[in-house]
Amino acid sequence: MAWQFSTDRLAEIAVDHRKIIRQAHGGIPTISGVSVTIRQYEPHDFASMYKLDQACFPPGIAYSKTMLRYFLAQAGAECLVALDGGKIVGFILSEENPPLAHTITLDVAESHRRHGVGTALVGESEANLRFRGVRTVLLETATTNEAGIAFWERHGYRKEAVLKNYYSGRLDAFEMRKKLIAAPGAGS
Ligand SMILES: CC(C)(COP(=O)(O)OP(=O)(O)OC[C@H]1O[C@@H](n2cnc3c(N)ncnc32)[C@H](O)[C@@H]1OP(=O)(O)O)[C@@H](O)C(=O)NCCC(=O)NCCS
């Protein structure tokens with residue numbers, strides 16, 4: 001007989017898991033001299049996240065406020081923010097429907113790049129997704145985004161396909177994919 005948990009129990013397990021991740025990361029990881037705290041998105045973060053996304057991506061790829069709100073409101077949405085001294089310096093937004101998840105965006109402020117902030121956000125996001133039964137993560141990045149492609153390849157994502165005219169009907173994207181290995185004790 002398969003083990004069954006109530007949804008309340010599953011929520012409890014997920015919360016415990018988050019605490020464990022935080023402890024494992026030491027609460028405030030110091031990454032290459034940058035002290036960054038990672039926590040779940042809170043509604044008052046919205047304006048800073050929108051501003052950061054506009055700064056990170058060119059017009060046509062950056063999200064409008066409406067699109068960003070739409071993604072955050074999805075049932076399977078998860079958004080983690082990285083803070084340095086209370087200021088949002090990065091965020092990752094994903095949508096999950098186990099065993100699949102889709103990374104919608106990863107944004108790190110220019111001032112904080114190459115300090116491991118993106119790596120920390122992806123690490124925590126993937127740990128959460130893996131624990132909730134996600135086995136494959138998909139994402140898209142512009143074929144011209146050399147930094148983004150290098151970053152994702154460094155983290156084990158592989159180019160799967162070229163999506164012609166994906167952004168604004170004129171800029172191609174790579175679809176990239178990574179298989180996640182099941183976490184011990186997580187659902188199969
Ligand atoms: C891509 C991005 C998220 C990387 O964030 P970051 O915090 O600077 O990344 P990290 O410091 O964790 O980098 C980890 C590794 O990724 C690779 N990498 C990151 N930026 C790179 C760049 N500009 N050129 C080449 N490799 C890069 C490197 O291997 C790096 O390790 P290293 O610094 O030891 O060489 C950030 O540049 C960004 O926000 N860009 C604009 C938005 C974007 O393109 N998002 C991704 C597409 S959705």
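Counting starts at 1 for both ligands and their atoms, following the listed order. Not measured: the values here are computed from a predicted model.
R177 forms no cation-pi arrangement with Y157, by the criterion of a distance under 6.0 Å to the ring centre and an angle within 45° of the ring axis.
With ligand atoms numbered from 1 in the order given, ligand 1 contributes 43 (C), 44 (O), 47 (C) to contacts under 4.0 Å with heavy atoms of N145. Listed by number with element, the atoms of ligand 1 under 4.0 angstrom from any heavy atom of A147 are 22 (C), 23 (N).
Summary of contacts: the protein heavy atom closest to atom 26 (N) of ligand 1 is A150 CB, 3.4 Å. Ranking the protein heavy atoms by distance from atom 37 (O) of ligand 1 puts R113 CD, 3.2 Å first. Of the protein's non-hydrogen atoms, T119 OG1, 3.3 Å is the one closest to atom 14 (C) of ligand 1. Among protein heavy atoms, atom 45 (N) of ligand 1 sits closest to L106 O, 2.9 Å. If you check which protein heavy atom lies closest to atom 30 (C) of ligand 1, you get R154 NH1, 3.7 Å. Looking at atom 11 (O) of ligand 1, its nearest protein heavy atom turns out to be G116 N, 2.9 Å. Of the protein's heavy atoms, R114 CD, 3.4 Å lies nearest to atom 20 (N) of ligand 1. Looking only at protein heavy atoms, the nearest one to atom 17 (C) of ligand 1 is F151 CA, 3.8 Å.
Salt-bridge check for R132 with E96: passed, with a basic side-chain N closer than 4.0 Å to an acidic carboxylate O. Ion pairing between a basic and an acidic side chain is recognised when a charged N comes within 4.0 Å of a carboxylate O; D45 and R39 show such pairing.
Closer than 4.0 Å to atom 43 (C) of ligand 1 lies at least one heavy atom of the protein.
Between the side chains of H155 and E126, no donor N or O sits under 3.5 Å from an acceptor N or O.
Nearest heavy atoms, V81 versus L121: C-CD2, 4.1 Å.
Contacts between V108 and ligand 1 below 4.0 angstrom, taking non-hydrogen atoms only, involve backbone and side chain alike.
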